[in-house]
Structures are given as structure tokens and as C-alpha cells.
Amino acid sequence: MNEQSALNKHQTFLQDSKKMAFDKDHRATIAYNMLQYETAAKTGKGRFVNLPELRRRAALRKHYVLEHLEDHLKNFEHNFTARGGKVIWAQDEQEAKQSILSIFEQHYVKTVVKSKSMTTEEIGLTECLEKNGIESLETDLGEFIVQLTGERPYHIVTPAMHLSARQVAGVFHQHFGLSEDASPEEITAFAREHLREKFYQADAGVTGANFLVAETGSVSITENEGNALLSVSYPRIHIVVAGIEKVVASLEDLDMFWPLLSAHGTGQSLTAYNSLVNGPAQKGEGEGPRQMYVILLDNGRSRLLGTTPQRRALSCIRCGACLNACPVYCNIGGHAYGTVYSGPIGAVISPHLSGQLREHIHLSHASSLCGKCTEVCPVVIDLHQQLLQNRRLAVKMKLPSRTERFGMKAYKMAMSKRKRLDMVPPGVKNFVARTFFGKAWGPRREMPKVVESFSKQFQSSE
Ligand code: SF4
């Protein structure tokens, strides 16, 4: 991507952020939902006897797996295929989509139910299926709502968080003729009925995975509505699309990761449904898919693994806590980021997953660096430091414009010697600040005025 199109992306981000930050309805909805989350998460985290120790252990377990990723993935493949499943390694989104299409072609699949998968968002599976004449339906309520509104998920855990109950009722009124005043309970009951029918009819189910257990070849799926379980149980084909970083070493690890995920994601002590799927239906089993595939998706993860220290971001268990804690996310919302993964974790990983640091580097600047994201992360990813590492990498690669590089050099030169700094009178300093930083500072806040330095003031007072 060239400098101009990266600049355009940055401009779009600024415009969208501004629009959302000044949208009072959006702010009210997010503030309300975040407050609900905070109250629940506080209770959830309060249940642990020693949360800091558990977080440290979880971080170490993830670190251990990432250090031996290849071995654990091979182990998973071996154990999963031993029970009749098939593993497909996909280098990028094209390979993943191609593999899925050829499975569907082979099995005459025309309708698909999907559940719990940001990874399928990442590869743009829904659009791809549509183009190929395959009907695909999101079955988690939040995902179903954003599918109806034609948006991408707003949040990795709560995809329709930006919509108020009234707006959701409006969506169901428009699409299904429900009352405009339908209550959340009525909407949920309707969606359940509507979707249940689709589960019976679907030829294939596509889900993500929260964890892949190497030791047993199991796919762990965590959810609150039970739709993933239905996507696995009814259709004759089940495809799991999972990033290669989802692997954990043993079943014992889930003792730690399941409660951490639920407490940080929704504040629950444990999510309602935690399923372990070990492969297709075995001989004599009446239910379950006849064929099961796991697509192990790389799509830039190896690149991230090879980038130190940002590789730590691969430990992420997608709980969404850093999004909820981020003051920038809470103001601009998930869509303004323009990426599948938003918030602090999205800003850290998007440049590496896409291989387009220039295109996404502005997201690493969209942070107050307050460190709240790091503070709440259950696997102790130092997110705010990672944002700085991305910025450092961009400088190393000479991605900032020539003017910026020249400006920073001049700034460094002036700041490194008091005499040089004092040579410039305050009026000139203020002029330079207004001219070069005025636009970035924005019209809504007053730029601080530079006055005579302390040493000069001190000297003149003597
Ligand atoms: S980076 Fe940490 S806090 Fe953010 S989603 Fe991942 S695990 Fe959760």
C-alpha cells in the first residue's frame, strides 16, 4: 500500500471517529452497556482467590505454547485426525475460503449456519459464500442482528453492543414485522424460533474455536446461547475455522482459561455452554456431524510470531476486556477502527495480520497510553507497550512522512541542549507549535502556551 492510500485510511479513521465521538445516542448506548459490563466484571473477577497469580500462570502457559507452537499444532492434528476429523492448514484467507468452498462443493452444501467466529469475519467468509450462491446465516443473536443491519461486529464479544433495545426492536420490525415496541424477551423468543428452523435445514455448520486442545485433539467452544452446539449437532458437515494461536497444551489448561475468559468477557463465573468437540460422530452415535474439518488459519500469525516483542499479542484469548477498558474505544466505538479486530488488541495485531503496517499504524497512535488495557488483560499482554513497539517499528521502517521525520529530528536537536532551546523566544515556539501541531491538536481545546523557561525566569528574578 502506498503512502497516499494509507493517508486516506487515516483520514477516514479520523472522520469516522469524530462522527461517533460526537454522536450523543451512541455515547449513551455505549456508556450504559459498559456500565453493565463493569458491574458484572467486578463481581466476576472478585470470585477468584488470587487473580493476579492466575493471570500470571495463564500468561506463562500461553508463552510456553507459543514457544513450541509447531509441536502443539502437530499434536492437535494427530489426535484430532485419530478420531476421524480432518485438519486443513491454510496459509491465508484465500486458501481458507478455497478449502471451505471445495468441501461444500464436494458435499453439495447449499445452506450454512454460522456461530461464534471472528475468524470467519477475518477471512470474509460470509461474502464469499454469498458470491458462490451459498446461503449463510449467523445464529448468535448479536451476530444475527448485525447481519440484518449489514454491519460488521462492533465488539469481539458483544457484536451488537452499539444498538439500544429500541434500535434492535426497529431492526426486527423492519425485517420480520415484529412490533416496534417488542421487548428483548419477545425478540429473543422470535429469533430462537426463526433460527431453530434454520438449524434443521442447514447442510453445514461453521464455527470458530475458543481453544484447540493439543493433548486430546478437542475443539473447545464457549458460548451463552447454545447456538454453536446446535451448529455442531444438526448439520451433517461441521467446519471449524481457528487461528493457529488458539492451541493450548492440555485439558487441564481449560480449568484456568475458561473461568478467566468468562470473568473478563462477561463477568460470569463460567459461560453457560462450554463444549468440547472431539471429531465427527463415531460409529453407533446417532447425532453429530458425519464429517468434521478444522481449518488451521495462519493469515499473518506466523509473521506476528516472528516479530518480537509483539508476538505476545498471540496469547490473546479474545475476552474483549481491553476494548471495554479503553477510553478511545469507548468514545469512537468498534466500527471506526475499520478492522475486524478493534480496540487495543486490534490496533496491536491488525498491522501484523494484514502485513500492512503502513495501512494500520494510525491505530497504534489512537491510544492515550493510559495502560488500562494492560491492567485488565487476563493473560497479561502489555498492550500499551505493544502499541509503542508498533510505532517504533514504523519509525525503523521509515514509514512516517519526510516532514514528520524532519520535524522530529529538529525537535530532538532543539530539546537535547538547553542553550539551543533558550535561543528561540517563546513567541516563535508558540508559532511553530500552532503551525505544525495546531491541526492535530484540534479546534476544540486550547493549545497550551509556552512561556519563558524556568531557568530564564529564575535568572531574571535574581
Ligand atoms: S488482549 Fe487481553 S484483554 Fe484484550 S481481548 Fe485479548 S485477552 Fe482480552
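Note that the structure is predicted; figures quoted are calculated from it, not measured. Basis for what follows: all heavy atoms, side chains included, without hydrogens, waters or symmetry-related copies. Ligands are counted one by one from 1 in listed order, and the atoms in each one are counted from 1 as well.
- Glu287 and Tyr234 are not linked by any side-chain donor-acceptor pair at a separation below 3.5 angstrom, with hydrogens and angles left out of the test.
- The protein heavy-atom contact nearest to atom 7 (S) of ligand 1 is Ile317 N, 3.4 Å.
- Relative to the six-membered ring of Phe22, Arg444 meets both conditions, a distance below 6.0 Å and an angle of at most 45° to the axis.
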**Asked** After noting the C-alpha distance and the side-chain angles of Phe76 and His72, does the key distance pass the ring pair (Phe, Tyr, Trp, His ring centres under 6.0 Å) rule?
**Response** CA-CA 6 Å; Phe76 170 81; His72 289 296; over 10 Å; no
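- Every atom of ligand 1 with a heavy atom of Gly320 under 4.0 Å away is listed here by number and element: 5 (S), 8 (Fe).
- Note on Cys322: counted as a metal contact of atom 4 (Fe) of ligand 1, an N/O/S atom lying under 2.8 Å.
- Taking 4.0 Å as the cut-off between side-chain N and carboxylate O, Glu138 and Arg152 do not count as a salt-bridged pair.
- Comment: Glu53 does not engage Arg57 in a salt bridge, judged by the lack of any side-chain N to carboxylate O separation of less than 4.0 angstrom.
- Counting all heavy atoms, side chain and backbone alike, Leu212 lies closest to Gly243 at CD1-O, 4.4 Å.
- At the top of the distance list for atom 6 (Fe) of ligand 1, counting protein heavy atoms only, stands Cys316 SG, 2.3 Å.
- Counting atoms of ligand 1 from 1 in the listed order, those under 4.0 Å from a heavy atom of Ile345 are 1 (S).
- Heavy atoms of Val376 stay at 4.0 angstrom or farther from ligand 1.
- Not one N/O/S atom of Cys319, from backbone or side chain, sits under 2.8 Å from atom 6 (Fe) of ligand 1.
- In terms of protein heavy-atom proximity, atom 2 (Fe) of ligand 1 is closest to Cys377 SG, 2.4 Å.
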